[in-house]
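Notes follow once the structure below has been shown.
Worth saying up front: this structure is predicted, and the values here are computed from it rather than measured.
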Amino acid sequence: MIRPLLATGHIKGMAHITGGGITENLPRIFPEGCAAEIDRRAWTVPPVFSFIAREGGIADDEMLRAFNMGIGLIVACAETSVPQVLAGLAAAGETSACVLGRIVA
């Protein structure tokens with residue numbers, strides 16, 4: 001499914017967001033000295049996570065670490081490749097892809 005997109009060379013890294021969530025898994029794909037700046041407004045968190053946070057009294061940082069917050073896979077690419085990557089994901093059937101943020105030094 002995603003193999004044709006990988007062959008384009010636009011994708012520089014991918015992180016599967018499961019145990020360890022965004023805060024632990026995403027940094028693993030970046031070279032030393034780089035990090036992700038995530039815009040929490042970029043996606044709608046499924047209601048179940050808001051329920052868990054509210055009822056469990058769990059802080060945002062811990063929710064991002066322990067859960068995926070509705071994000072299953074993060075793809076890293078150059079800013080100039082965003083249109084091609086989004087189009088390739090759409091062609092592969094991924095209709096909810098969005099830009100979550102940017103890579104910073």
Side-chain angles (χ1 to χ4, degrees):
M1 232 191 229
I2 198 169
R3 199 171 300 273
L5 182 56
L6 288 172
T8 67
H10 290 296
I11 294 178
K12 304 300 182 191
M14 297 188 303
H16 189 222
I17 308 303
T18 57
I22 295 170
T23 59
E24 291 180 15
N25 292 339
L26 185 56
R28 294 178 184 153
I29 69 170
F30 299 128
E32 191 158 332
C34 291
E37 188 175 84
I38 302 293
D39 179 358
R40 293 284 310 276
R41 300 166 298 177
W43 78 101
T44 301
V45 174
V48 68
F49 295 114
S50 300
F51 173 80
I52 291 168
R54 183 180 64 250
E55 296 300 313
I58 303 170
D60 284 351
D61 288 348
E62 180 63 8
M63 289 297 296
L64 287 169
R65 189 200 67 73
F67 299 100
N68 67 6
M69 303 302 286
I71 303 298
L73 180 76
I74 295 179
V75 173
C77 68
E79 188 174 359
T80 56
S81 295
V82 168
Q84 294 91 338
V85 170
L86 289 174
L89 290 169
E94 180 52 63
T95 59
S96 61
C98 65
V99 176
L100 296 179
R102 63 191 189 108
I103 300 168
V104 296

Check: Could you give the distance from CD (Gln84) to CG (Leu89), rounded to the nearest 0.5 Å?
Finding: 11.5 Å
Check: So if you build clusters from Ile, Leu, Val, Met, Phe, Trp, Tyr with side-chain heavy-atom gaps below 4.5 Å, do Leu73 and Phe49 land together?
Finding: no
Item checked: Ile22 and Leu100: CA distance, side-chain angles, deciding distance, side chain to side chain contact (heavy atoms under 4.5 Å, CB included) verdict -> CA-CA 11 Å; Ile22 295 170; Leu100 296 179; 5.8 Å; no
Item checked: Steps toward side chain to side chain contact (heavy atoms under 4.5 Å, CB included) verdict (Arg40, Asp60) -> CA-CA 10 Å; Arg40 293 284 310 276; Asp60 284 351; 3.9 Å; yes
Checklist line | salt bridge (charged side-chain N to carboxylate O under 4.0 Å, His left out) partners for Arg54, two or more places apart | finding: none
Next item on the list: Step through the shown structure and confirm whether more than 12 heavy atoms of other residues, nucleotides or ligands are within 6.0 Å of CD on Glu55.
Entry: yes
Can I get a per-line list of side-chain donor-acceptor pairs under 3.5 Å for residues 7-18, giving both atom names and the distance, sequence neighbours left out?
from, atom 1, to, atom 2, distance (Å)
Thr8, OG1, Leu5, O, 2.6
Thr8, OG1, His10, N, 3.3
His10, ND1, Ser81, OG, 2.8
Lys12, NZ, Gly9, O, 3.2

Notebook entry, point to check: Between Ala97 and Glu94, what is the shortest heavy-atom contact and its length?
Noted result: N-OE2, 3.8 Å
Check: Mind checking whether Ile71 and Leu26 sit in one hydrophobic cluster, side chains of I, L, V, M, F, W, Y counted as touching below 4.5 Å?
Finding: yes
Notebook entry, point to check: Are Thr23 and Asp61 side-chain neighbours, meaning at least one heavy-atom pair lies under 4.5 Å?
Noted result: no
Notebook entry, point to check: Should Ile29 and Leu64 be counted in the same cluster of Ile, Leu, Val, Met, Phe, Trp and Tyr side chains packed under 4.5 Å apart?
Noted result: yes
Check: Side-chain heavy atoms under 4.5 angstrom apart, residues restricted to Ile, Leu, Val, Met, Phe, Trp, Tyr: same cluster for Ile38 and Phe30?
Finding: yes
Notebook entry, point to check: With a 4.5 Å heavy-atom cut-off, do Val104 and Arg102 have their side chains touching?
Noted result: yes
Notebook entry, point to check: Closest heavy-atom contact between Trp43 and Met69?
Noted result: NE1-O, 2.8 Å
Margin query: Do Ile74 and Val99 sit in one hydrophobic cluster, given that two such residues count as connected whenever their side-chain heavy atoms are within less than 4.5 Å of each other, even indirectly?
Written below: no
